[in-house]
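To keep things clear, I will list the structure first and then write my remarks on it.
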Amino acid sequence: MMNLPQGPGPIGVFDSGYGGLTIYSEIEKLMPQYDYLYIGDNARAPYGTRSFDVVYEFTRQAVEFLFKQGCRLVILACNTASAKALRNIQQIDLPAMDPSRRVLGIIRPTVECIGDITCSRHVGVLATEGTIRSMSYPLEIKKLFPDIKVTGKACPMWASLVEADEHLTPGADYFVKRDIDALLARDSEIDTIILGCTHYPLLLPRIEQFVPKGVKVITQGEAVATSLQNYLMRHADIEDLCTKGGGATFYTTESAERFREQASRFLCHPVKVQRINLV
Ligand code: DGL
């Protein structure tokens, strides 16, 4: 077993970059009492076009870093990492690092609410290439709602637009419209679109202009935060190990200055940021 700090610690939140902030913001809103550590691996984002092995390796490094900082529970606030690394981390790494720690993904909690939302039973998923190729969404939805037809479309540029802070420019519209049109052309009965990448809610104002009336656009933050709250209620042993000081520290593998500016703008409060290297 790895030599890790024992005793209580903050809740870890991990994403390839800024996208996880759309999950973190809802967690912070719902459960401000806990301490949090957030990692954005901005220097190596986007993850969406990377291979299984690379996403797994980068995610494992981030989880190990968060464990070494004392986290007992880590949320992969990244669909690509949840799709491509979660299972290996839970089955191979946790037993070797420390089986008492927990790592949770965000695809399952997103999918759980879909059955009550779609009327046509035709659901679209917009996500990174990695998430779409993994088939995680259709497989998870099928387990819970076998009657729902799922159509996925990869949006290879969207996360990069967010990372480059170009997501609210008219230039972003070209890619946003192109990918939404392509999804709806594949299945015109879709009445619900899941934004299956945590970066995409940052594009919401652009997305909403191209989605026809009557088609609902689903973001993940609230569902993930509620699911985490339920998890902590059901697992008192883990909850006891989460420190409750109401503080958050953000780590980025790129410029701390830039992360501070983006994160404080999005979260509407100042944030403490440190630059780190993940190895
Ligand atoms: N935010 C991530 C996700 O939810 C990954 C985006 C990327 O780095 O390509 O999939």
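One-based numbering, in listed order, for ligands and for the atoms of each.
- Ring planes of Y24 and F250: perpendicular class, angle over 60° (limits at 30 and 60°).
- Considering only non-hydrogen protein atoms, atom 9 (O) of ligand 1 sits nearest to G48 N, 2.8 Å.
- The proximity of C197 to ligand 1, defined as any non-hydrogen pair under 4.0 Å, involves the side chain as well as the backbone.
- For the side-chain contact (heavy atoms from CB on, under 4.5 Å) with Q61, the qualifying choice from N277, L66, L278, T253 is L278, the only one to do so.
- When heavy-atom distances to ligand 1 are checked against a 4.0 Å cut-off, P46 comes that close through both its backbone and its side chain.
- Between Y231 and H235, the ring planes lie parallel to each other; the angle is under 30°, not in the 30° to 60° tilted range.
- In this structure, C78 has a heavy atom closer than 4.0 Å to ligand 1.
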For a salt bridge (Lys or Arg N to Asp or Glu O under 4.0 Å) check, start with the C-alpha distance between K177 and D173, then their side-chain angles and the critical distance, and finish with the verdict. CA-CA 6 Å; K177 180 175 185 326; D173 284 357; over 6 Å; no
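- The distance from ligand 1 to the heavy atoms of S16 drops below 4.0 Å at these ligand atoms: 5 (C), 6 (C), 7 (C), 8 (O).
- Distance check: I207 CD1 to I193 CD1 gives 8.5 Å after rounding to the nearest 0.5 Å.
- Close contacts of ligand 1 with A159, meaning ligand atoms under 4.0 Å from a residue heavy atom, involve 6 (C), 7 (C), 9 (O).
- Given atom 10 (O) of ligand 1, the protein heavy atom at minimum distance is T80 OG1, 2.6 Å.
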Test log, rule salt bridge (Lys or Arg N to Asp or Glu O under 4.0 Å), inputs E254 and R275: CA-CA 6 Å; E254 246 299 335; R275 185 173 172 273; 5.7 Å; no
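- If you number the atoms of ligand 1 from 1 as listed, the ones under 4.0 Å from a heavy atom of T128 come out as 6 (C), 9 (O), 10 (O).
- By the criterion of a heavy-atom distance under 4.0 Å, the side chain of D15, and not its backbone, is placed next to ligand 1.
- From the protein, the heavy atom lying nearest to atom 7 (C) of ligand 1 is Y47 N, 3.3 Å.
- For the pair N79 and G196, the tightest heavy-atom approach, listed with the atom from each and the gap, is CG-O, 3.0 Å.
- Closest protein heavy atom to atom 3 (C) of ligand 1: N79 N, 3.2 Å.
- The atoms of ligand 1 that sit less than 4.0 Å from any heavy atom of H199 are 1 (N), 2 (C), 6 (C).
- Between Y251 and F65, the ring planes lie perpendicular to each other; the angle is over 60°, past the 30° to 60° tilted range.
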